[in-house]
Peer 1: 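Okay, here's the structure, questions in a sec.
Just so it is clear, the structure is predicted and the values come from calculations on it, not from any experiment.
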Amino acid sequence: MALCIACMAGWAQAWAPVNERVPEPAREFRAAWVASVFNLDWPSAAGLSAAQQKAELLKILNQAVQLKLNAIILQIRPNADALYNSSLEPWSGWLSGPGVNPGYDPLAFAIAEGHRRGIEIHAWFNPFRATVSNKPVGRGHISTRRPELIKRAGSATMLNPSHSAAQQHILNVIMDVVRRYDIDGVHLDDYFYPYPPHHNISDGRTPAQRRAAVDSFVSRLYTSVKSAKPWVRVGISPFGIWQPNYPAGVPAGVNAYEHLACDARKWLQRGWVDYLAPQLYWRIDSPQSFTALMQWWSSINPSRPVWPGIASARIASSEDPTRPASEIGRQIDCARRYARQSSGQLFWSWRSIGSNRGGVQRELQARYGGFAVPPAMPWSGTARPGAPVFRAGPGKGGEALSWEAADASARKWVVQARRKGQWTTLCILPGAQRRVTLPASMFAGVDRLALRAISACGNSGAPTVLAR
């Protein structure tokens, strides 16, 4: 199954190669967070059968295709546990119970099914959280194996961010996933040191020393991931305001720089991330203006993208009872307007998008008219794939496309079509695929087809064009 646009009517005639220019496919990062902690998004409850868990995840992926998203940020390590087969940490209690094997590998399943649909899977790690709300954990959990690394923060506990052994354990966990799974990205959220009033954990460190420790962790993480797999995208989603009064006049009840030891401005300036997704969860017309914050973050490093976190969950919510879905549409427009390197949006979280809270799907459909390929990372690699050998003709139930790769560098394939002089993206397919049959109804009025490879770092290859 691929990302496919449904059109009308069908026909089957011969296709022949032509030498013709084809525009680049549309580029934009369109993602939603899928949270497992407290069963916020998936799975909907702990203890579901493997079949039920898989069915829920497939529903999310299929709906993401319909909404023309191209990435899912899947929480696979909510509190020093694993939603995947790990020898370093126990199975997460949010799946089938603390330490209970669910009978399959959820991450491997998500990757296979996501890639089949043209959806990237980014592995979301909460780096320092160990336990939440005194919930039980599985045997071998770090909180019981290495209690000297654990600090209490209210009803939660956390790995001490300034302890070298704690940092090394987290890096080992993340790099184990990077090496063993075909993920598209590593994603960290906003939890470094805990939020007030629990930020003053007893670690004996000053705020400056805490920031230095977290900076070191972020830098080592980026270098480690890029050394192993340069194409794996590293993204962080910090609190949306770096410090109060940045930009001028913007207030904040939390000082992320002082309280959380989160110097996200430095990480963006230094290029220690492939994208930054600050959580800009406020309205455009508010003291913490979405527009002002988007402009400020985007100005820091024009060569690395800022893709804001957008709070679809706040539509008609307890935090903002009168927020309409139209606010989300306005924020997408704003994010596109002020994007410097490339455009993108991440939505918090899937439940609000999937349930169409307040009619938010209309806002997405109005702006995501066609499919988009995630933006390239030229700083991670510049090689471009060669043009494939491409064939098309009548097939059972539709139009059969097949191809041979010019080289081994394809991470994705993009099928484009021209109709009435306008090019659109029909499908995004995984790099290992070499054939697909698309419904004849998709080809009404189409007089050109093009196929191109996208490299692991997102660079577009030369297209091969067919005409009829």
Side-chain angles (χ1 to χ4, degrees), residues 1-27 61-62 64-66 68-71 111-120 182 184 368-374 376 384-456 458-468:
M1 182 174 179
L3 295 175
C4 296
I5 299 175
C7 304
M8 300 183 300
W11 48 270
Q13 298 186 24
W15 296 89
V18 294
N19 186 12
E20 193 166 312
R21 292 180 63 85
V22 180
E24 284 284 317
R27 297 277 189 157
L61 293 172
N62 289 336
V65 171
Q66 294 167 4
K68 297 184 177 64
L69 304 184
N70 54 29
I111 292 168
E113 295 298 332
H115 288 178
R116 188 172 291 125
R117 291 161 172 77
I119 299 289
E120 291 192 351
D182 190 23
D184 299 284
Y368 297 164
F371 294 111
V373 180
R384 295 182 178 274
V389 177
F390 182 33
R391 307 176 188 87
K396 185 177 181 181
E399 205 72 19
L401 315 182
S402 63
W403 57 93
E404 299 163 17
D407 49 54
S409 64
R411 176 77 175 176
K412 300 182 180 78
W413 296 101
V414 177
V415 181
Q416 296 170 266
R418 191 180 76 174
R419 182 183 294 106
K420 295 182 180 179
Q422 298 296 314
W423 285 91
T424 58
T425 295
L426 287 184
C427 303
I428 302 173
L429 301 163
Q433 192 160 334
R434 292 294 181 270
R435 65 183 70 246
V436 67
T437 298
L438 301 177
S441 59
M442 294 178 62
F443 292 85
V446 171
D447 64 357
R448 296 290 188 276
L449 281 177
L451 178 76
R452 70 172 82 224
I454 304 294
S455 77
N459 302 313
S460 182
T464 298
V465 188
L466 304 179
R468 67 162 305 275

Peer 1: How many angstroms lie between atom CD of Gln433 and atom OG of Ser402, to the nearest 0.5 angstrom?
Peer 2: 11.5 Å
Peer 1: Could you measure the distance from the CZ atom of Phe443 to the CG atom of Leu438? Nearest 0.5 Å is fine.
Peer 2: 4.5 Å
Peer 1: If you look at every heavy atom in Ala376 and Gly458, which pair is closest and at what distance?
Peer 2: CB-O, 3.3 Å
Peer 1: Indicate yes or no for a side-chain donor-acceptor contact from Asp407 to the backbone of Pro385 under 3.5 Å, with no hydrogens or angles considered.
Peer 2: no
Peer 1: Could you tell me if the side chain of Phe390 sits less than 4.5 Å from the side chain of Glu404, heavy atoms only?
Peer 2: no
Peer 1: On a heavy-atom basis, which atom in Thr425 and which in Val414 lie closest, and how many Å separate them?
Peer 2: CG2-CG1, 3.7 Å
Peer 1: To the nearest 0.5 Å, what is the distance between CG on Leu69 and CZ on Arg117?
Peer 2: 14.0 Å
Peer 1: Can you list everything that forms a side chain to side chain contact (heavy atoms under 4.5 Å, CB included) with Val18? Sequence neighbours excluded, please.
Peer 2: Glu20, Arg448, Val465, Ala467
Peer 1: Indicate yes or no: at least one non-hydrogen side-chain atom of Thr424 is less than 4.5 angstrom from one of Gln416.
Peer 2: no
Peer 1: Apply the test side-chain contact (heavy atoms from CB on, under 4.5 Å) to residues Lys420 and Asp447: give CA-CA distance (whole Å), side-chain angles for both, the deciding distance (0.1 Å), then the verdict.
Peer 2: CA-CA 8 Å; Lys420 295 182 180 179; Asp447 64 357; over 6 Å; no
Peer 1: Determine, for Phe371 and Lys68, whether the Lys NZ or Arg CZ falls below 6.0 Å from the six-membered ring centre while staying within 45 degrees of the axis.
Peer 2: yes
Peer 1: Taking side chain to side chain donor-acceptor pair (under 3.5 Å) as the test, write out the residues that go with Arg384, two or more places apart.
Peer 2: none
Peer 1: What is the minimum heavy-atom distance between Ala64 and Ile119, and which atoms define it?
Peer 2: CB-CD1, 4.2 Å
Peer 1: Does the side chain of Thr464 come within less than 4.5 Å of Val389's, by heavy atoms?
Peer 2: no
Peer 1: Give the minimum heavy-atom separation between Arg27 and Pro374, together with the two atoms involved.
Peer 2: NH1-O, 2.8 Å
Peer 1: With sequence neighbours excluded, what pairs up with Ser460 under the side chain to side chain donor-acceptor pair (under 3.5 Å) test?
Peer 2: Glu24, Arg452
Peer 1: Run the side chain to side chain contact (heavy atoms under 4.5 Å, CB included) test against Ala456 and tell me which residues pass, sequence neighbours left out.
Peer 2: Trp231, Arg411
Peer 1: Test: ring pair (Phe, Tyr, Trp, His ring centres under 6.0 Å). Region: residues 407-435. Which pairs qualify, not counting sequence neighbours?
Peer 2: Trp403-Trp413
Peer 1: What I'd like to find out is whether the side chain of His115 reaches to under 4.5 Å of the side chain of Asp182, using heavy atoms alone.
Peer 2: yes
Peer 1: I would like to know whether Ile428 and Ile454 meet side-chain contact (heavy atoms from CB on, under 4.5 Å); could you show each step before the answer?
Peer 2: CA-CA 10 Å; Ile428 302 173; Ile454 304 294; over 6 Å; no
Peer 1: Which heavy-atom pair separates Leu449 from Ala417 by the least distance, and what is that distance?
Peer 2: CD2-CB, 4.0 Å
Peer 1: What pairs with Gln422 under side chain to side chain donor-acceptor pair (under 3.5 Å), at least two apart in sequence or on another chain?
Peer 2: none
Peer 1: A quick test of your reading: do over 12 heavy atoms of other residues, nucleotides or ligands sit less than 6.0 Å from CZ of Arg434?
Peer 2: yes
Peer 1: Using every non-hydrogen atom in the two residues, find where Pro463 and Ala450 come nearest and quote the distance to one decimal.
Peer 2: CB-CB, 4.5 Å
Peer 1: Show the numbers, then the answer: is there a side-chain contact (heavy atoms from CB on, under 4.5 Å) between Val415 and Leu401?
Peer 2: CA-CA 10 Å; Val415 181; Leu401 315 182; 4.0 Å; yes
